[in-house]
Amino acid sequence: MSSPALEGISVDVDQNQYLAEGADTVDAVVTVETGAQFAVAAPARERVEIIIIDCSGSMAAGDRFAGARAATLAALDEMPDGTLFAIVKGTHVGEVVFPSHGPLRRADRESRTAARHALDKLRPYGGTAMGMWLGVARQVAGQHPEAMAHAILLTDGKNEHEEPLHLAEEIRLSQGLFTCDCRGVGTDYVVAELRTVASGLLGSVDVVKQGSELTADFQALTQASMGRTIPELTLRVWTPAGAEVRFVKQVAPTIQDLSDRRHETAAQVGEYPLGSWGAEERDYHVQVRLDPAAPGREKLAARISVVAADEVVGQGLVKAVWTTDSGLSARISRRVAHYTGQAELAEAVQEGLTARKQGDETTATAKLQRAVELAAESGNEGTAKLLRNVVEVDDRTGTVRLRRDVDAFDEMALDARSTKTARVRKES
């Protein structure tokens with residue numbers, strides 16, 4: 001079911017509403033689209049950009065540090081004049097190195113030159129404590145609580161100099177204050193750590209092999225941030241008494257499980273933060289369990305609303321109709337099936353790579369075999385290509401064999417990009 005575009009936002013629900021007698025689970029793909037009209041009409045907001053550079057000793061390897069510096073300068077050039085910005089040095093502590101004191105500076109010729117001089121003074125040393133870095137970024141964002149704040153976090157190493165619980169707590173405290181895209185350079189970081197930060201702060205995760213590749217990436221991230229003019233959208237899900245939302249997951253353009261971000265706002269009502277938006281489209285998989293009804297009975301399983309600044313700007317309905325007609329109930333929504341497969345693909349990749357690292361070749365082969373099959377079935381050519389760097393595929397039989405000599409970066413790139421999905425649009 002589709003809702004009319006309200007204030008430039010449309011909500012479309014794709015599902016098979018027919019359930020077999022006694023069935024209690026409803027699945028739907030909810031597409032939220034913000035039109036250019038809505039994005040442009042959004043009131044202008046102050047912008048804060050924070051660039052967090054890993055300055056630990058390992059960044060001295062190769063061109064990592066030089067690449068980080070060049071990428072930071074490129075990001076500054078992408079910021080429109082007037083954008084508030086800060087540069088954070090990350091070691092076993094976090095420190096704002098620009099501005100070194102006083103309030104945040106606005107981007108202009110003078111401040112960019114001063115930031116360049118501050119970067120010239122940085123040298124790699126010390127350790128890695130990403131929670132400390134996020135804490136500093138949170139303090140920076142807190143100087144302008146009404147602003148749209150975005151951070152880029154770059155690291156080349158593991159979070160070795162603080163307890164995991166500290167990082168988890170800093171992610172929790174930072175939620176809603178700023179979004180954060182995470183990037184790894186080289187091969188010594190832990191992709192799962194970067195994914196935890198990025199997912200918790202509604203950002204993206206990716207990796208590059210060389211420091212020289214960072215410039216284009218930082219430019220693209222900054223451009224994307226500047227293109228988001230809607231500070232926050234929220235998905236509000238109402239369900240009838242006795243029903244339960246089993247999960248809410250973003251499934252395109254990337255997979256992000258939002259279930260643990262649910263905030264109860266009223267009886268049978270929960271809200272899920274969707275972060276900042278520009279003119280774009282995203283898909284969400286919503287699964288609801290509800291009490292079965294008699295054949296022929298219809299129930300409203302969920303009311304999905306998109307909320308901006310406490311105003312409902314789009315809405316769609318998830319329905320359930322019980323039937324004894326197996327021809328109706330056996331149909332699976334093409335998009336629900338597709339995104340269920342994409343989620344299984346990401347899980348198979350990550351579990352396969354974990355098993356491979358642990359020396360469990362039997363499990364690794366089985367999981368990566370399944371990943372190859374799912375990538376082919378869903379048309380996810382990006383993941384299919386990355387998989388071939390880790391396994392050999394017999395094109396005749398489709399069977400796979402683990403490669404003996406795998407470039408560590410290829411393995412990490414597959415891990416990092418496993419949550420990028422192939423989009424499938426609703427048939428007209």
Side-chain angles (χ1 to χ4, degrees), residues 1-6 9-33 233-252 255-259 261-272 274 281-307 312-344 374 377-378 421-428:
M1 164 167 296
S2 301
S3 74
L6 301 175
I9 286 188
S10 66
V11 178
D12 184 271
V13 176
D14 192 351
Q15 65 165 137
N16 176 18
Q17 62 187 9
Y18 293 100
L19 301 180
E21 185 176 6
D24 66 354
T25 301
V26 181
D27 289 277
V29 170
V30 179
T31 299
V32 179
E33 181 177 6
L233 290 181
T234 300
L235 201 69
R236 179 181 293 165
V237 182
W238 170 91
T239 51
E244 171 195 8
V245 178
R246 282 184 167 162
F247 62 73
V248 173
K249 298 177 183 178
Q250 178 182 290
V251 289
I255 297 172
Q256 282 192 343
D257 194 341
L258 304 177
S259 304
R261 301 290 299 276
R262 179 183 174 96
H263 174 59
E264 302 284 345
T265 57
Q268 288 89 52
V269 179
E271 294 188 345
Y272 303 81
L274 305 183
E281 214 174 312
R282 303 181 197 174
D283 293 335
Y284 300 89
H285 184 179
V286 178
Q287 186 177 92
V288 177
R289 188 212 61 78
L290 70 168
D291 295 331
R297 173 87 182 277
E298 177 179 315
K299 278 188 180 182
L300 181 60
R303 181 183 297 112
I304 312 289
S305 304
V306 176
V307 180
V312 174
V313 293
Q315 194 170 90
L317 305 178
V318 180
K319 297 182 178 181
V321 180
W322 281 266
T323 180
T324 56
D325 185 339
S326 59
L328 291 175
S329 61
R331 296 174 188 168
I332 300 175
S333 162
R334 185 174 66 95
R335 300 180 79 215
V336 169
H338 174 82
Y339 287 127
T340 300
Q342 294 288 278
E344 185 185 350
L374 289 165
E377 291 170 6
S378 64
T421 54
R423 189 84 188 278
V424 59
R425 297 186 178 276
K426 184 176 181 181
E427 294 176 337
S428 56

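- A heavy-atom distance below 4.5 Å is not found between the side chains of Val336 and Asp14.
- Contact check for Leu317 versus Val13: no side-chain heavy atoms found under the 4.5 Å cut-off.
- There is a side-chain donor-acceptor pair under 3.5 Å between Tyr339 and Asp283.
- The closest side-chain heavy-atom distance from Ile332 to Thr340 is not below 4.5 Å.
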For this session: Show the numbers, then the answer: is there a side chain to side chain contact (heavy atoms under 4.5 Å, CB included) between Val313 and Val307?
Result: CA-CA 6 Å; Val313 293; Val307 180; over 6 Å; no

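- Between Arg289 and Gly242, the shortest heavy-atom distance links the atoms NH2-O, 2.7 Å.
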Exercise. Are Leu233 and Ile9 close enough, and set up right, to give a side chain to side chain contact (heavy atoms under 4.5 Å, CB included), and what steps lead you there?
Worked result: CA-CA 11 Å; Leu233 290 181; Ile9 286 188; 4.1 Å; yes

For this session: I would like to know whether Lys299 and Asp291 meet side chain to side chain contact (heavy atoms under 4.5 Å, CB included); could you show each step before the answer?
Result: CA-CA 10 Å; Lys299 278 188 180 182; Asp291 295 331; 3.9 Å; yes

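- Of all heavy-atom pairs spanning Val245 and Tyr272, the tightest one is CG1-OH, 3.5 Å.
- With rounding to the nearest 0.5 Å, the separation of CD in Gln250 from CG in Leu235 is 10.5 Å.
- Taking CG of Asp24 as the start and CG of Leu19 as the end, the distance is 8.5 Å to the nearest 0.5 Å.
- For Thr265 and Arg236, the side-chain atoms include no donor-acceptor pair closer than 3.5 Å.
- Considering only residues two or more places apart in sequence or on other chains, Ser329 meets the side-chain contact (heavy atoms from CB on, under 4.5 Å) condition with Ala20, Thr323, Ser326.
- Side-chain contact between Asp12 and Val30 is absent, with no heavy atoms from C-beta onward closer than 4.5 Å.
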For this session: Applying side chain to side chain contact (heavy atoms under 4.5 Å, CB included), run through Lys249 and Asp257 and close with a yes or a no.
Result: CA-CA 4 Å; Lys249 298 177 183 178; Asp257 194 341; 3.8 Å; yes

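- Note that CG of Asp27 and CZ of Arg335 are 13.5 Å apart. Values are rounded to the nearest 0.5 Å.
- The 12-atom threshold is exceeded at CG of Leu300, counting heavy atoms of other residues, nucleotides or ligands nearer than 6.0 Å.
- Here the side chains of Val318 and Val286 are not in contact, with every heavy-atom distance at 4.5 Å or above.
- Looking at every heavy atom in both residues, Thr239 comes nearest to Ala302 through CG2-CB, 4.1 Å.
- Taking His285 as the reference, Phe247 meet the ring-ring contact (aromatic ring centres under 6.0 Å, His included) condition, with sequence neighbours excluded.
- Using a 4.5 Å heavy-atom cutoff, the side chains of Pro292 and Trp322 are in contact.
- Proximity of Arg282 to Val32: side-chain heavy atoms (C-beta onward) are nowhere separated by under 4.5 Å.
- Under a cut-off of 6.0 angstrom, the local environment of CD in Gln268 is crowded, with over 12 non-hydrogen atoms contributed by other residues, nucleotides or ligands.
- Between the side chain of Ser378 and the backbone N or O of Gln342 there is no donor-acceptor pair closer than 3.5 Å.
- At least one side-chain heavy atom of Val26 sits less than 4.5 Å from a side-chain heavy atom of Leu290.
- Atom-to-atom distance recorded for Leu274:CG and Tyr284:OH is 4.0 Å, nearest 0.5 angstrom.
- With rounding to the nearest 0.5 Å, the separation of CZ in Arg423 from NE2 in His338 is 9.5 Å.
- The main-chain N or O of Thr31 is never found under 3.5 Å from a side-chain atom of Glu281 such that the two would form a donor-acceptor pair.
- Note: Arg261 CZ to Thr234 OG1 = 10.0 Å, rounded to the nearest 0.5 Å.
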